[in-house]
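All figures in this text were calculated on a predicted structure; none of them were measured in a lab. Residues take their numbers from the sequence shown, with the count starting at 1. Each ligand, and each atom within it, is numbered from 1 in the order the structure gives.
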Amino acid sequence: MPRIGIPRALLYYHYFPWWEAFFVSLGAEVVISPPTTKAILDRGLEHAADDVCLPVKVAVGHVLELKDRVDAIFLPRLVSVAAREYICPKFLGLPEMVGHSIKGLPPLLSPGLNLYRGGSPYHFFAALGRALGYPPWQVLAAYRRACRVQQQYKRLLESGLFPEEALAALRGRHDAAAPRDTMGSPLVAVIGHPYNIYDAFVSMDLLGKLGRRGIKVITADSLSEENVCRGAAHLPKRLFWTLGRRTVGAAYHYLQWGRVDGMIHVSSFACGPDSFAGEFIARRAHRMGLPFLSLVLDEHSGEAGMVTRLEAFLDMVERRKKYREEGSAS
Ligand code: SF4
């Protein structure tokens with residue numbers, strides 16, 4: 001039974017159940033790297049190119065974490081995950097960057113996923129199954145099962161669960177129907193790439209800090225693809241970067257919706273798509289008078305500064321909510 005390593009980084013937060021169900025259905029054992037720590041980041045910093053963004057450096061650290069524990073590491077070459085759109089080029093070059101900068105790696109499983117011209121992701125999984133030596137009938141059955149699991153996972157995310165909760169729910173270890181105790185709490189939209197928001201080390205535990213302060217949080221993943229598309233349709237031109245479109249589309253949807261009390265945009269320093277998406281969102285939020293906080297992360301980000309800005313932002317959010325409630329009661 002081959003042991004396949006999956007780094008807990010980048011699009012792990014979107015696609016892990018899809019990938020895991022495929023490998024497990026084929027009889028492989030899946031090993032995930034542990035949650036990000038300072039040591040993982042430091043190892044990534046030693047091996048990654050200097051000018052890449054923090055999430056890629058973190059991903060390199062996760063590959064190193066798996067290196068001596070598995071027979072192969074799954075590091076897909078993601079080109080496009082939606083028709084007429086591209087994913088960030090850093091995903092495309094990641095297998096080469098990792099392969100050239102880390103010595104002694106086990107084989108990398110890096111099939112290409114390119115849905116720019118539409119079509120089915122089956123070819124991606126078929127290439128993966130071939131590389132592992134499984135017969136086509138077994139690969140097809142594993143692919144079908146993996147797609148069902150991924151659909152279930154997406155539904156759980158859209159019901160408001162965060163990825164780790166949705167994964168636990170898939171495994172029967174979390175009550176998907178249990179609401180968070182946030183009645184009457186301010187509602188804050190946290191917008192940004194999943195690998196920035198849900199990685200507690202990278203985000204300096206932003207979601208945990210908000211939760212402990214009694215803030216209810218929604219993210220782009222709580223929205224259906226239709227709502228994200230409707231939000232993005234307010235842009236004068238169609239965005240062809242999937243991650244940028246999801247960020248702007250979700251933010252515009254929540255701004256239009258009018259029920260959020262504040263918005264936080266989390267982005268990576270040195271990220272092209274984030275720099276323009278953040279500007280679009282900030283301008284619209286300011287025009288609408290919504291409390292808005294922009295957090296730009298890199299390996300030098302300090303928690304003390306972030307906490308001070310977050311506190312000031314939350315004071316604004318709570319004050320605005322109180323005024324609005326008093327205004328509607330009088
Ligand atoms: S979209 Fe931005 S943060 Fe994400 S991998 Fe690309 S450059 Fe890095």
Side-chain angles (χ1 to χ4, degrees), residues 6-16 19 33 36 40-41 43-45 47-64 73-82 84-102 108 110 112-116 163 190-204 206-207 219-221 228 232 235 238-251 264-282 293-301 306:
I6 299 187
R8 191 187 293 260
L10 298 175
L11 294 191
Y12 158 89
Y13 296 96
H14 268 175
Y15 296 131
F16 174 69
W19 299 335
S33 51
T36 308
I40 290 180
L41 170 62
R43 294 184 78 195
L45 290 174
H47 288 81
D50 286 341
D51 53 353
V52 295
C53 58
L54 175 63
V56 170
K57 291 171 179 162
V58 169
V60 173
H62 279 271
V63 170
L64 284 155
I73 296 180
F74 178 61
L75 204 62
R77 185 186 314 287
L78 301 174
V79 180
S80 165
V81 295
R84 294 176 51 232
E85 289 180 3
Y86 285 111
I87 202 94
C88 164
K90 304 272 181 3
F91 289 84
L92 197 159
L94 191 61
E96 274 68 35
M97 186 203 292
V98 164
H100 286 104
S101 56
I102 305 177
L108 294 181
S110 300
L113 178 64
N114 186 352
L115 301 180
Y116 185 83
V190 177
I191 303 294
H193 305 313
Y195 39 85
N196 281 334
I197 293 176
Y198 302 121
D199 185 320
F201 180 82
V202 168
S203 74
M204 293 176 277
L206 174 63
L207 298 184
T219 69
D221 299 307
V228 170
L235 286 168
R238 187 173 188 276
L239 286 182
F240 57 84
W241 298 112
T242 299
L243 296 176
R245 180 184 60 77
R246 277 193 66 77
T247 303
V248 179
I264 303 177
H265 178 232
V266 185
S267 64
S268 306
F269 183 72
C271 169
D274 275 351
S275 58
F276 70 76
E279 193 57 32
F280 282 146
I281 299 167
L293 174 66
S294 167
L295 292 177
V296 183
L297 306 171
D298 71 5
E299 58 273 30
H300 307 295
S301 300
M306 180 260 210

Return the closest protein heavy atom for [atom] as residue, atom name and distance.
atom: atom 7 (S) of ligand 1; answer: Lys90 NZ, 3.5 Å
atom: atom 8 (Fe) of ligand 1; answer: Cys53 SG, 2.3 Å
atom: atom 3 (S) of ligand 1; answer: Ser268 OG, 3.4 Å

> With distance as the sole criterion, is a donor-acceptor pair present between the side chains of Tyr198 and Thr219 under 3.5 Å?
Replying inline: yes
> With a 3.5 Å cut-off and no angle check, do the side chains of Asp221 and Tyr13 form a donor-acceptor pair?
Replying inline: no
> Counting backbone and side-chain atoms alike, does Cys271 have an N/O/S atom under 2.8 Å from atom 2 (Fe) of ligand 1?
Replying inline: yes
>> Main chain of Gly192, side chain of Thr247: is a donor-acceptor contact present, judged purely on distance under 3.5 Å?
In response: no
> Given Leu113, which of Leu11, Val79, Leu78 fulfils the side-chain contact (heavy atoms from CB on, under 4.5 Å) condition?
Replying inline: Leu78
> Quick one: which ligand 1 atoms are inside 4.0 Å of a heavy atom on Cys88?
Replying inline: 1 (S), 5 (S), 6 (Fe), 7 (S)
> Of all the atoms in ligand 1, which lie at a distance below 4.0 Å from a heavy atom belonging to Phe91?
Replying inline: 5 (S)
> Which bit of Tyr195 gets closer than 4.0 Å to ligand 1, counting heavy atoms only: side chain, backbone, both or neither?
Replying inline: side chain
> Is the shortest side-chain N to carboxylate O distance from Arg8 to Asp199 below 4.0 Å?
Replying inline: no
>> Parallel, tilted or perpendicular: which one describes the rings of Trp19 and Phe74, with boundaries at 30° and 60°?
In response: perpendicular
